[in-house]
2 protein chains.
Amino acid sequence: MKRSNAQRLRDALEDDIINGRRAPGERLDADALCHEFGVSRTPVREAVQQLVASGLVTVSPKKGTFVARIGIDELIEMFEVMAELEGMCGRLAARRIDQAELEVLRQAHERCEVAARAGDSDDYYYENEAFHDCIYLASHNGFLAGEARQLKQRLKPYRRLQLQVRQRLMSSLEEHRDIVAAIESGDAAGAEQALREHVLIQGERFSDFVSSVRRFGLGREAMDGGEASR
Amino acid sequence: MKRSNAQRLRDALEDDIINGRRAPGERLDADALCHEFGVSRTPVREAVQQLVASGLVTVSPKKGTFVARIGIDELIEMFEVMAELEGMCGRLAARRIDQAELEVLRQAHERCEVAARAGDSDDYYYENEAFHDCIYLASHNGFLAGEARQLKQRLKPYRRLQLQVRQRLMSSLEEHRDIVAAIESGDAAGAEQALREHVLIQGERFSDFVSSVRRFGLGREAMDGGEASR
DNA sequence: ATAGACCTATTGGTATGCCAGTGTCAATTT
DNA sequence: AAATTGACACTGGCATACCAATAGGTCTAT
């Protein structure tokens with residue numbers, strides 16, 4: 001399968017954004033990209049449109065295109081949904097996982113454990129991804145898995161903040177243990193709860209709080225510039 | 001705000017697909033669309049790409065673009081996710097709804113009741129949309145609301161099947177009553193459960209069953225043609 | 001009759017030029 | 001000095017032309 005220039009460009013930009021090489025708010029100059037990749041404006045335009053559709057970049061009409069800058073409020077909302085999707089995956093996985101998948105999940109968990117004990121944060125990050133992906137697969141709902149992966153991608157630029165917290169690595173691992181145990185024993189509600197809180201860290205109380213606070217008009221980023229979308 | 005040709009084209013096609021004027025599997029001839037709308041290939045291409053991104057159409061390389069034909073298995077998966085999103089909206093709404101929103105919800109429910117008693121199926125369909133949208137709003141999670149609306153759109157071409165069932169209208173109304181009651185009383189778990197089952201009708205048992213059946217290789221639509229995507 | 005080798009219309013992808021609307025900045029005016 | 005105006009460059013959107021790849025059919029030979 002040969003990939004078009006637009007696709008390669010999209011992937012390259014996506015990768016740059018996700019891995020922080022292009023920071024939120026950074027400008028994406030169309031002409032510069034044309035020159036950089038040696039292509040015309042058409043594929044660049046196409047790639048940008050796809051990235052807009054996936055939420056990674058935004059265009060401010062007549063001002064240019066920028067790496068999406070997500071406000072703290074929307075970020076919380078997205079994490080809330082992410083937690084729900086992960087929880088749903090866990091609930092379904094607890095009911096639907098088969099022996100082979102369970103074995104793969106256990107192995108993924110073990111690799112997480114190895115990485116955690118070694119203190120290798122990058123490695124853990126990667127194995128953690130694989131671990132969660134196992135659960136997506138085990139949900140036996142491909143659409144759900146796709147949505148979860150997509151949202152996770154979109155959140156990736158911001159998750160590094162969350163994951164650099166000291167000791168988070170070890171507590172994350174402990175939570176994984178509970179998750180595996182719940183899935184193993186077919187405890188759907190337990191797996192759902194464990195995964196939801198695993199993602200949300202503190203559960204929904206925090207966002208409840210923020211939500212109620214914002215309703216009193218204390219939002220401090222109302223002037224942050226009109227991030228145009230849809 | 002002036003809308004571009006590509007946007008108008010996208011909206012027109014989207015509307016056609018959602019309202020069944022273009023059936024799943026139908027071919028979308030690019031040149032015909034160019035002529036029909038009096039534009040060149042560029043905006044047509046753009047519109048098609050956006051529709052692909054939103055899942056309403058698919059392109060089979062070198063064979064053409066078609067209105068997305070969703071298999072029964074994927075359809076079930078999508079409904080499963082839809083139910084979860086609706087349930088989540090209900091759970092959050094039960095905790096976060098304010099007086100004004102509650103009043104709007106009650107009024108929406110009453111309009112549903114009027115439509116139902118009049119036996120006006122189309123009218124009920126519309127008011128039902130509004131009712132659910134109230135709950136989306138009341139979740140105080142704009143991102144969640146957007147995702148829910150988007151998925152609902154995508155499912156719209158197939159929901160007419162589900163809604164034409166005789167007597168479904170009245171039982172739907174009864175379920176609405178329970179939902180309103182749960183939200184009114186702040187019963188988060190109750191609202192979540194009620195909404196989830198409202199969407200799923202029979203709960204997840206059915207899809208569990210299908211999921212397990214499919215694992216035994218009894219899927220009868222394996223030959224349904226390679227629906228290419230991403 | 002069937003397998004295999006061309007042939008061609010269609011599709012996908014890209015380059016390029018043009019035009020209109022608008023943000024930006026500077027010059028001019030009061 | 002502040003404000004108004006005006007020019008210009010930039011951006012977005014569209015049309016058009018060109019090229020490459022291939023699906024699908026046709027033709028040929030065994």
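None of the values given here were measured: they were computed from a predicted structure.
- You can see that DNA chain D meets the heavy atoms of chain A within a 4.0 Å-exclusive cut from D:dT11 to D:dA21, reading 5' to 3'.
- When all heavy atoms are compared, the tightest approach of A:Ala191 to A:Ala94 is CB-CB, 4.1 Å.
- One interatomic measurement links the two molecules: CZ of A:Arg41 to C1' of C:dG13, which rounds to 16 Å at whole-angstrom precision.
- One can place CZ of A:Arg8 at 12 Å from C1' of C:dG13, the figure rounded to the nearest angstrom.
- The interatomic distance linking A:Asn5 (CG) with C:dG12 (C1') rounds to 12 Å, in whole Å.
- Residue contacts shown for B:Ala30 are absent, as no nucleic acid heavy atom lies under 4.0 Å away.
- The interatomic distance linking A:Gln50 (CD) with C:dG12 (C1') rounds to 13 Å, in whole Å.
- For C:dT14, the OP1/OP2 oxygens have no side-chain nitrogen or oxygen of A:Thr42 closer than 4.0 Å.
- Looking only at atom types and distance, the side chain of B:Gln50 has no donor-acceptor partner in the side chain of A:Gln49 under 3.5 Å away.
- Residues A:Phe131 and A:Ile179 approach most closely at CZ-CG2, 4.3 Å, considering heavy atoms.
- Of the possible polar contacts, none joining the A:Asn19 side chain to the A:Arg21 backbone as a donor-acceptor pair under 3.5 Å is found.
- Classification of the A:His132-A:His198 ring pair by plane angle, with boundaries at 30° and 60°, yields parallel.
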Which atoms of nucleotides 23-25 of chain C (N or O only) lie under 3.5 Å from a protein N or O atom, and what are those distances?
none

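- Side-chain atoms of B:Thr65 come within 3.5 Å of backbone N or O of B:Leu28 as a donor-acceptor pair.
- Regarding B:Glu46, its CD atom lies at a distance of 15 Å from the P atom of C:dT14, rounded to whole Å.
- The closest donor-acceptor contact from the side chain of A:Glu26 to the backbone of A:Ala23 lies under 3.5 Å.
- Here the P atom of nucleotide C:dG12 and the CG atom of B:Leu33 are 12 Å apart, to the nearest Å.
- With 3.5 Å as the limit, one finds a donor-acceptor pair spanning the side chains of A:His140 and A:Glu101.
- Between B:Arg3 atom CZ and C:dG21 atom P there is a gap of 17 Å when expressed in whole angstrom units.
- Listed pair B:Arg27 / C:dT11 meets the phosphate criterion, a side-chain N or O lying under 4.0 Å from OP1 or OP2.
- Among the heavy atoms of the strands lying under 4.0 Å from B:Ser4 are primed sugar atoms or P, OP1, OP2 only; no base atom is included.
- For B:Ser139 against B:Leu144, the heavy-atom pair with the smallest separation is OG-CD2, 4.1 Å.
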